[in-house]
**Q** 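Below: one structure in structure tokens.
Not measured: the values here are computed from a predicted model. Below, read A as the first sequence line, B as the second, and so on, with proteins coming before strands; counting in each chain starts at 1.
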Amino acid sequence: MSGGRRREASIAHVDLDAMFAAVEQRDKVSLRGRPVVVGGVAGRGVVATASYEARQFGARSAMPTAEARRRCPSGTAFLAPRFAAYRKTSEVVMAVLAELSPLVEQVSIDEAYLDLAAAGHHDLTVGGVTALAEQARREIAAATGGVTASIGIGTSKLVAKIGSDLNKPNGLTVVAPGDEQAVLHPLPVTRLPGVGPATAERLRRSGLHTIGDLARVDRSDLIDWFGQAHGAGLYRLARAEDDRAVVGEREAKSVSAEETFEFDLTDRGRLNHEIDLLATRVGSRLRAGGLSARTVTIKVRHHDFTTITRSATRAQPTDDPRLVAQFARTLLAEIDTSAGIRLLGVGATTLADFVQDDLFGSTVTATPDTFATSGAHHRPADHEEGSPPTAPGRPTPPAATDWRPGQDVRHDNHGSGWVWGSGRGVVTVRFEGPSTPPGPVRTFAVDDPALHPSDPPDWTNTPPVAAPA
DNA sequence: TCTGGGGTCCTAGGACCC
DNA sequence: TCTGGGGTCCTAGGACCC
């Protein structure tokens, strides 16, 4: 047999159709049947998902939202994503899938592979898995209140994945064992997972357009063109050789946060402050996940879109947002930012699933350290220069006294907000949208989740609290 | 109103070690 | 006395995915 591949079509790929837009249309009746675009709605935003109605006008994922606005008629809804709602819907779908097989690999918020053989009791004939998938699609739509799924089933992940794409939306494709190459070969190479713009262009220059064309190329040529891993991988995929297993849980290898600014930034103080905010998000997520990291990476996108990264690795792992921020600042200090910075990012890698106890205690042995300013014995005082002015300690959210006038509280597609004033238990914030003048001053309780950079809050529904004295 | 944000994997060179 | 050779770690960048 050609490569590792099972005899029965027992791997399913489930893909929710235009999920973000579908959830919005489910939750708001007036959006049904109308073009809906979900994504960054600010100046530099891009489309995350376009509903099928919006796709008719040419709106596509990853397209600048401004371009989608030009293409779509008035009456099109442009919405900022509500990740919390999508996550809930995703959980509902995954629960349905878990009933079908004990082996489910969730690849993203709207996609999963199932190993139907792992259940042990399914009829794995083409007829059997077809009936199973039809039932799954009905159950998904019912459980989610109308969000539909497309399903592909085949002898491998590759075939299942390509199959789920063939009959979108709300479709089912079962590729019978033995039919794999016949299904794959007429398709354009861009349908193969791992073939993006660069690979497609290189293949096009050699006159190769379909997967069938690709299957006629020597393995050694592909390795010359694309390197060992990618070249050999393409060679196998073109032959439908794919023995990747469906795997359950995978451990995170990195945690990162980044932000594109409405306007390029040059001010050092402001950049340092943004780094602090990003590092605080990363550190908080490390802690929430019980992780610590040895390597901190910053990402800098210049005004001209050139992007660089700088990283440094320490001997000891940390999950302290203040320390992550300090590393990140040190890395940023080496970079010329005078021409304008479009994006900043902070990432943490070399993750360990334990937290170094007493990292700063006197019992810790001194270790060679990359950073002169962050030796292992050095514990930054709360408001010492070099530590973020508002970094929350272990208990979040921050105490009322951590909010200071002038401090940025969040930046997202709704615009920027900064603290206007604060008092006992409350903080007042003013927001400025990308295309709107500064909005009214709003007042929040300090533990209001709307103040934290997780999901874009619906400000209009945030209950008012008493203004500070 | 060109080009988001969160990830994964691979490559390649240099340091360092045996 | 002229380049060994393999393995691992670190860093930077790039392709790709959703």
**Q** Considering only the P atoms, how many Å lie between C/dG4 and B/dA15, rounded to the nearest integer?
**A** 15 Å
**Q** Would you say A/Arg294 reaches C/dC9's phosphate, i.e. side-chain N/O to OP1/OP2 under 4.0 Å?
**A** no
**Q** A/Phe305 has an atom CZ; how far is it from atom P of C/dG14, in whole Å?
**A** 12 Å
**Q** Any side-chain N or O of A/Arg70 less than 4.0 Å from the OP1 or OP2 oxygen of B/dC2?
**A** no
**Q** Do the side-chain N or O atoms of A/Thr309 get closer than 4.0 angstrom to the phosphate oxygens (OP1, OP2) of C/dG13?
**A** yes
**Q** What salt bridge (Lys or Arg N to Asp or Glu O under 4.0 Å) pairs are there with at least one residue in residues 42-52 of chain A, not counting sequence neighbours?
**A** A/Arg44-A/Asp264
**Q** In whole Å, what is the span from the CZ atom of A/Phe261 to the P atom of B/dC2?
**A** 18 Å
**Q** If you measure from the P atom in B/dC16 to the same atom in C/dC2, how many Å do you get, rounded?
**A** 24 Å
**Q** Would you say A/Thr307 reaches C/dG14's phosphate, i.e. side-chain N/O to OP1/OP2 under 4.0 Å?
**A** no
**Q** Take atom CD1 of A/Ile109 and atom P of B/dG5, then tell me their distance rounded to the nearest Å.
**A** 17 Å
**Q** What pairs meet the salt bridge (Lys or Arg N to Asp or Glu O under 4.0 Å) rule with one or both residues in residues 194-210 of chain A, with sequence neighbours excluded?
**A** A/Glu201-A/Arg204
**Q** Has A/Arg342 got its NZ or CZ under 6.0 Å from the middle of the six-membered ring of A/Phe261, at an angle within 45 degrees of the ring axis?
**A** no
**Q** What ring pair (Phe, Tyr, Trp, His ring centres under 6.0 Å) pairs are there with at least one residue in residues 192-242 of chain A, not counting sequence neighbours?
**A** A/Phe226-A/His230
**Q** Just the rounded figure in Å: distance from C1' of C/dG14 to CD of A/Gln228.
**A** 18 Å
**Q** Got a salt bridge between A/Arg236 and A/Asp242, using NZ or NE/NH1/NH2 to carboxylate O under 4.0 Å?
**A** no
**Q** Using 4.0 Å as the upper bound for N to carboxylate O, is an ion pair formed by A/Arg82 and A/Asp27?
**A** yes
**Q** Verify whether one side chain among A/Thr295 and A/Arg314 offers a donor that lies under 3.5 Å from an acceptor in the other.
**A** no
**Q** Which residues in residues 188-196 of chain A have at least one heavy atom lying under 4.0 Å from any atom of DNA chain B?
**A** none
**Q** Name the nucleic acid region contacted by A/Glu258, choosing base, sugar-phosphate or nothing; use a 4.0 angstrom heavy-atom cut-off, strictly under.
**A** base
**Q** May I ask you to evaluate whether A/Arg250 reaches the phosphate of B/dT8, defined as a side-chain N or O under 4.0 Å from OP1 or OP2?
**A** no
**Q** Does A/Arg342 put a side-chain nitrogen or oxygen below 4.0 Å from OP1 or OP2 of B/dT3?
**A** yes
**Q** Is the phosphate of B/dC9, meaning OP1 or OP2, less than 4.0 Å from a side-chain N or O of A/Lys253?
**A** yes
**Q** About how many Å separate CZ of A/Arg268 and CZ of A/Arg329, when rounded to the nearest 0.5 Å?
**A** 11.0 Å
**Q** Please report the distance, rounded to the nearest Å, between CD in A/Glu105 and P in C/dC18.
**A** 13 Å
**Q** Could you give the CZ-to-P distance, from A/Arg202 to C/dG14, as a whole number of Å?
**A** 19 Å
**Q** Stem finding on DNA chain C, please: runs of three or more consecutive Watson-Crick or G-U wobble pairs, both distances under 3.5 Å, sorted by first number.
**A** B:5-18 with C:5-18
**Q** Is the glycosidic angle of B/dT1 within 90° of 0, making it syn, or outside that range, making it anti?
**A** syn
**Q** Under 4.0 Å, heavy atoms only, any strand: does A/Ala252 hit a base, just the sugar-phosphate, or nothing?
**A** sugar-phosphate
**Q** Taking only the side-chain nitrogens and oxygens of A/Thr199, find out if one of them lies under 4.0 Å from OP1 or OP2 of C/dC16.
**A** yes
**Q** So, is A/Ser311 close to the C/dA12 phosphate, meaning a side-chain N or O under 4.0 Å from OP1 or OP2?
**A** yes
**Q** Return no unless some side-chain N or O of A/Lys299 is found under 4.0 Å from OP1 or OP2 of B/dG7.
**A** no
**Q** Return the value, rounded to whole Å, for the distance between atom CZ of A/Arg244 and atom C1' of C/dC17.
**A** 12 Å
**Q** Among residues two or more places apart or on two chains, list those pairs meeting ring pair (Phe, Tyr, Trp, His ring centres under 6.0 Å) that have a residue in residues 292-322 of chain A.
**A** none
**Q** Please confirm whether A/Arg87 makes a cation-pi placement over A/Phe83, using NZ or CZ under 6.0 Å from the six-membered ring centre and within 45° of the ring normal.
**A** no
**Q** Between A/Leu351 (CG) and B/dG7 (P), how many Å, whole number?
**A** 10 Å
**Q** Considering just the side-chain nitrogens and oxygens of A/Ser256, establish if one lies under 4.0 Å of OP1 or OP2 belonging to B/dG6.
**A** no
**Q** OP1 or OP2 of B/dG5 less than 4.0 angstrom from a side-chain nitrogen or oxygen of A/Thr260, does that happen here?
**A** yes
**Q** On DNA chain B, nearest-nucleotide positions of A/Arg69 versus A/Val255: which is more 5'?
**A** A/Arg69
**Q** Going by the glycosidic torsion and a 90 degree boundary from 0, is the base of B/dC2 oriented syn or anti?
**A** syn
**Q** According to a strict under-4.0 Å criterion, is A/Thr313 in side-chain N/O contact with OP1 or OP2 of C/dC9?
**A** no
**Q** Just N and O in the side chain of A/Arg285: are any of them under 4.0 Å from OP1 or OP2 of B/dG5?
**A** no
